[in-house]
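In what follows, chains are A, B, ... by sequence order, proteins preceding strands, each numbered from 1. Quick caveat, the model's predicted, so the values are computed rather than measured.
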Number of protein chains: 2
Amino acid sequence: MSTPSSQPLDAARRKFIEAGGNTTQSFGFGRIAGQLFALLYLSAKPLCLDDIVRELGVSKASVSTTVRQLEQWAAVRRVWVKGDRKDYYEAETDFGAMLRHGLLMTFRKKVETAGAQIGLVENSLKRAMENVDDAQRQEMQVVADRLQRARDFHEKIHGMLNNPVIDHLL
Amino acid sequence: MSTPSSQPLDAARRKFIEAGGNTTQSFGFGRIAGQLFALLYLSAKPLCLDDIVRELGVSKASVSTTVRQLEQWAAVRRVWVKGDRKDYYEAETDFGAMLRHGLLMTFRKKVETAGAQIGLVENSLKRAMENVDDAQRQEMQVVADRLQRARDFHEKIHGMLNNPVIDHLL
DNA sequence: AACAACGTTTAGTTTTTATTGAACGAATGA
DNA sequence: TCATTCGTTCAATAAAAACTAAACGTTGTT
């Protein structure tokens with residue numbers, strides 16, 4: 001008992017799925033991630049792996065890995081359907097929650113990694129400056145100043161990303 | 001008459017350059033972009049193409065193209081040195097300006113493209129809904145509703161990105 | 001137990017992106 | 001004019017990423 005979707009509806013759906021793929025690809029996440037999310041987002045019912053394979057025309061392996069990516073970004077969630085041992089998935093429809101729990105997290109991590117690396121360089125330079133004559137120290141100071149400006153900026157960004165106001169706005 | 005930079009200084013510089021490469025790569029911009037910016041950022045004097053080639057150990061072609069990328073992002077600017085027809089480059093040290101004029105711009109464009117695509121799908125679906133019986137229209141309505149939520153979110157993001165307050169915070 | 005239906009992992013392939021060497025044209029100055 | 005020094009472009013290559021088919025382990029069914 002499958003619903004015979006109308007042609008114009010399917011046409012629109014496919015356009016949206018393609019648009020989703022293009023968008024995620026332009027942001028450096030894969031193409032399939034966007035297509036898969038778009039498909040689920042417009043679907044009234046949760047879909048299983050093979051549904052998705054059929055609709056998108058990609059391999060089961062790709063769907064399996066992509067679906068887990070999307071789960072990590074809180075863009076898709078697994079749902080249980082009674083009396084069926086297949087895994088079903090549905091899209092998160094609250095984009096704000098999605099950004100807060102998924103993308104922003106990833107972003108924060110990368111920013112932190114960058115900040116930590118600045119810190120390491122700063123420290124190793126500071127230690128090196130102690131055992132050196134004044135001429136050399138002066139040359140190093142220029143670099144030390146720039147490093148500090150970089151770290152200042154990092155802390156500014158860090159502050160913004162962890163500001164509850166941001167979460168509230170999304 | 002070249003300055004004989006001290007060993008510890010150079011060591012720190014190289015670490016920073018490597019860190020820069022890792023960071024930009026993790027964000028999906030190339031590795032060289034980050035290395036090149038980091039090199040210029042810690043350099044007291046502007047550098048020419050061949051200086052950069054020498055320091056980073058990459059081809060002139062790569063430096064040429066990457067430097068133009070960075071110029072577009074307002075991360076690097078060309079400076080003239082009197083009596084030398086080589087092009088010299090220096091880093092933008094104001095990270096805020098850099099984000100405002102470079103990265104945010106790129107980001108905005110991608111978001112706009114995505115938004116436009118949603119609009120297209122929405123319109124084609126709306127038009128299709130006019131010439132269809134009630135049963136079909138009801139099925140389409142579910143999809144139409146989700147599309148509208150997607151567009152609402154897009155407009156929220158659009159508003160945030162174009163809010164002067166953001167620029168002011170950076 | 002043997003089988004079938006799933007989702008995952010792995011190893012290999014295809015596709016895309018990054019990087020380079022070499023050729024080129026413009027500008028400089030002998 | 002000719003030779004040189006630059007930066008860019010372009011075709012080719014190397015490196016990375018996306019994608020797949022097939023094998024696998026698990027879970028449920030007969």
Side-chain angles (χ1 to χ4, degrees), chain A residues 17-18 20-40 45-73 75-90 106 110, chain B residues 17-18 20-40 45-73 75-90 106 110:
Chain A
I17 289 171
E18 193 188 327
N22 293 341
T23 301
T24 49
Q25 186 154 54
S26 87
F27 279 101
F29 318 109
R31 179 170 45 92
I32 298 185
Q35 295 182 336
L36 177 28
F37 176 77
L39 171 64
L40 289 178
K45 307 248 162 224
L47 303 181
C48 71
L49 258 182
D50 283 313
D51 292 336
I52 299 169
V53 166
R54 203 173 312 117
E55 292 289 334
L56 299 186
V58 297
S59 75
K60 206 163 57 149
S62 291
V63 174
S64 176
T65 58
T66 303
V67 114
R68 260 179 307 153
Q69 251 189 73
L70 290 174
E71 265 186 306
Q72 288 210 316
W73 298 342
V76 151
R77 77 171 69 83
R78 205 177 296 231
V79 300
W80 262 260
V81 172
K82 54 166 187 181
D84 194 333
R85 74 189 168 94
K86 289 200 209 70
D87 290 344
Y88 284 83
Y89 300 94
E90 67 181 9
T106 309
K110 292 188 178 181
Chain B
I17 288 170
E18 193 187 328
N22 293 340
T23 301
T24 49
Q25 186 154 54
S26 88
F27 279 101
F29 317 111
R31 180 171 45 93
I32 297 185
Q35 294 181 336
L36 177 29
F37 176 78
L39 171 64
L40 291 177
K45 309 249 163 225
L47 304 181
C48 72
L49 257 181
D50 284 312
D51 292 338
I52 300 170
V53 166
R54 203 174 312 119
E55 292 288 334
L56 298 186
V58 296
S59 75
K60 207 160 56 146
S62 291
V63 174
S64 176
T65 57
T66 304
V67 115
R68 258 179 307 152
Q69 250 189 72
L70 290 174
E71 264 185 306
Q72 290 210 316
W73 298 342
V76 151
R77 77 172 70 83
R78 203 177 299 231
V79 299
W80 263 261
V81 172
K82 54 166 187 180
D84 192 334
R85 76 187 167 92
K86 290 200 208 71
D87 290 345
Y88 283 83
Y89 300 94
E90 67 181 12
T106 309
K110 292 186 178 180

Whole angstroms only, please: what is the [atom1]-[atom2] distance between [X] and [N]?
X: A:Arg68; N: C:dT10; atom1: CZ; atom2: P; result: 10 Å
X: B:Lys86; N: C:dA26; atom1: NZ; atom2: C1'; result: 17 Å
X: A:Gln72; N: C:dT8; atom1: CD; atom2: P; result: 12 Å
X: B:Asp87; N: D:dT5; atom1: CG; atom2: P; result: 17 Å
X: B:Trp80; N: D:dG7; atom1: CH2; atom2: C1'; result: 12 Å
X: A:Leu56; N: D:dA18; atom1: CG; atom2: P; result: 16 Å
X: A:Asp51; N: C:dG7; atom1: CG; atom2: C1'; result: 14 Å
X: B:Lys82; N: C:dT28; atom1: NZ; atom2: P; result: 19 Å

Practice task
Decide yes or no, distance alone: a donor-acceptor N/O pair under 3.5 angstrom between the base of C:dG7 and the side-chain of A:Lys60.
Solution key: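 Per atom types, the contact qualifies.
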Practice task
Compare every heavy atom of A:Tyr89 with every heavy atom of A:Leu40, then report the nearest pair and how far apart it is.
Solution key: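 Scanning both residues, the minimum pair turns out to be CD2-O, 3.5 Å.
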Exercise for the section: Could you pull out the closest heavy-atom pair between B:Arg31 and B:Thr24, with the gap in Å? Expected result: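 Between these two residues, the closest heavy atoms are O-OG1, 3.7 Å.
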What nucleotide, of [options], holds the atom closest to the side chain of [X]?
X: A:Ala61; options: C:dG21, D:dC19, C:dT10; answer: C:dT10
X: A:Leu49; options: D:dT9, C:dT8, D:dG7; answer: C:dT8
X: A:Arg85; options: C:dG7, D:dG7, C:dA4; answer: C:dA4
X: B:Arg78; options: C:dT20, D:dT20, D:dT8; answer: D:dT8

Practice task
Would you confirm whether B:Thr66, through its side chain, and B:Ser62, through its main-chain N or O, come within 3.5 Å as a donor-acceptor pair?
Solution key: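 The answer is yes, because a donor-acceptor pair under 3.5 Å joins these two groups.
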Practice task
Please tell me which of B:Gly30 and A:Ser64 maps to the more 5' nucleotide of DNA chain C, matching each residue to the nucleotide holding its nearest heavy atom.
Solution key: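 On the 5' side of the pair lies A:Ser64.
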Handout entry: Closest-nucleotide 5' rank along DNA chain C - winner of B:Gln25 and A:Asp50
Key =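 Of the two residues, A:Asp50 wins.
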[N] phosphate, OP1 or OP2: any side-chain N/O from [X] under 4.0 angstrom?
X: A:Arg31; N: C:dT16; value: no
X: A:Ser59; N: D:dA21; value: no
X: A:Ser62; N: D:dC19; value: no

Problem - Flag if over 12 foreign heavy atoms under 6.0 Å of NZ, A:Lys45 - result: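 Atom NZ in A:Lys45 is not crowded, with 12 or fewer foreign heavy atoms closer than 6.0 Å.
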Handout entry: Within-4.5 Å side-chain heavy-atom neighbours: A:Arg68 and A:Thr65
Key =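 Yes; the side chains approach each other to less than 4.5 Å.
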